[in-house]
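Heavy atoms only: backbone and side chains are in, while hydrogens, waters and symmetry mates are out. Lettering of chains follows the sequences in order, A, B, ..., and the numbering in each one begins at 1.
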Amino acid sequence: MDLWDIYKTLLNYFGKQNWWPGDSKLEICIGAILVQNTNWKNVEKAIENFKKLNLLPTDEKNYLKFAQKIYNLRNEKLKEIIKPCGFYNSKVKTIKNFLKFLIENKGFEELNKLSDKELRNKLISIKGIGNETADAIMLYVFNRASFVISNYTIRILKRHGIELKNYVEYKNFIEIKIPKDIEVYKEFHALLVEVGKNFCKKLNPICEKCPINFYL
DNA sequence: TACCAGGTCCTCG
DNA sequence: CGAGGACATGGT
């Protein structure tokens, strides 16, 4: 199985995905937390709720003020805003943990001075942010070459006979097989999500129509 | 109706 | 460690 061939095949099939959707880095971070084990459609509802209340910026300007505004919300209010995403009790805490971290570290610009390893370690030490969310923020917010492994990716690899021990092993497996290129990382992760949603479904995979069934 | 979704944490062995 | 359960709403 050649992962690079798979990447090119998927890019050709689905087209460029241009992830991560959102008007600002702050929005991407919050979206990455909210989407944990839920549907992106649910996240869109929550993001709309934030924007209606003027709690998220439409560009990168003054994002720390917006971060502070969200942080200052009472938990019950924040819960109400993110309710459509499910798991709101834990996600409220995760969002606040992250915002506290962002504000205390004086924003993305300061954090961006850290090395890849330092930054990832800091992100992952925030309660509620695990491997995948940390990598999503690394890649789509800080533009670091840190490949994001979703459950879709693991399922797809397993169905192609790749059975590894844990998240980091899957991450390393992919990273050593494709060019260390930010845009490739961004697109490939998004494309694998499309494969998962459209073909590599949990219960009834549609392998006959899958663009990468050639590599099975 | 059940099951699934762009996970993470906690508890037990 | 690693397996297994809890967390919760919305769509099919």
Looking at every strand, decide which applies to [X] at a 4.0 Å heavy-atom threshold: base, sugar-phosphate, or nothing.
X        : result
A:Asn131 : sugar-phosphate
A:Thr153 : nothing
A:Lys45  : sugar-phosphate
A:Gly130 : sugar-phosphate
A:Leu192 : nothing

Answer yes or no for A:Lys209 and A:Phe199: cation-pi contact, defined as NZ/CZ to six-membered ring centre under 6.0 Å and angle to ring axis within 45°. no
For the residue pair A:Lys91 and A:Tyr88, would you count it as a cation-pi contact if the rule is NZ or CZ under 6.0 angstrom from the ring centre and within 45 degrees of the ring axis? no
Sidechain N-carboxylate O distance under 4.0 Å for A:Glu80, A:Lys77: yes
So that I can tick it off, tell me whether A:Glu76 and A:Lys79 are bridged by a salt bridge, with the cut-off set at under 4.0 angstrom between side-chain N and carboxylate O. yes
Of A:Ile126 and A:Ala136, whose nearest nucleotide on DNA chain B comes first from the 5' end? A:Ala136
Return the 5'-most residue of the pair A:Lys127, A:Pro21 with respect to DNA chain B, ranking by each residue's nearest nucleotide. A:Pro21
Validation row: A:Lys93, A:Lys127 side chains within 4.5 angstrom (heavy atoms): no
In whole Å, I'd like the distance from the [atom1] atom of [X] to the [atom2] atom of [N].
X        : N      : atom1 : atom2 : value
A:Phe87  : C:dG5  : CZ    : C1'   : 11 Å
A:Asn49  : C:dT9  : CG    : P     : 15 Å
A:Ile129 : B:dT8  : CD1   : C1'   : 11 Å
A:Asp135 : B:dG7  : CG    : P     : 13 Å
A:Lys93  : B:dT8  : NZ    : C1'   : 13 Å
A:Leu203 : C:dG11 : CG    : P     : 21 Å
A:Asn166 : B:dG7  : CG    : P     : 17 Å
A:Asn39  : C:dA8  : CG    : P     : 18 Å

Winner on side-chain proximity to A:Thr133, out of C:dT9, B:dG7, C:dA8, is B:dG7
Please determine, for the side chain of A:Tyr88, which listed nucleotide (B:dT8, B:dC9, C:dA8) has the closest atom? C:dA8
Tell me whether the side-chain N/O atoms of [X] come closer than 4.0 Å to OP1 or OP2 in [N].
X        : N     : result
A:Arg155 : B:dC4 : no
A:Lys202 : B:dA5 : yes
A:Asn42  : C:dT9 : no
A:Asn37  : C:dA8 : no

Exactly one of A:Cys200, A:Ser150, A:Cys210, A:Pro205 should register a side chain to side chain contact (heavy atoms under 4.5 Å, CB included) with A:Ile156. Which one does? A:Cys200
Comparing A:Ser90 with A:Lys41, nearest DNA chain C nucleotide closer to 5' gives the residue A:Ser90
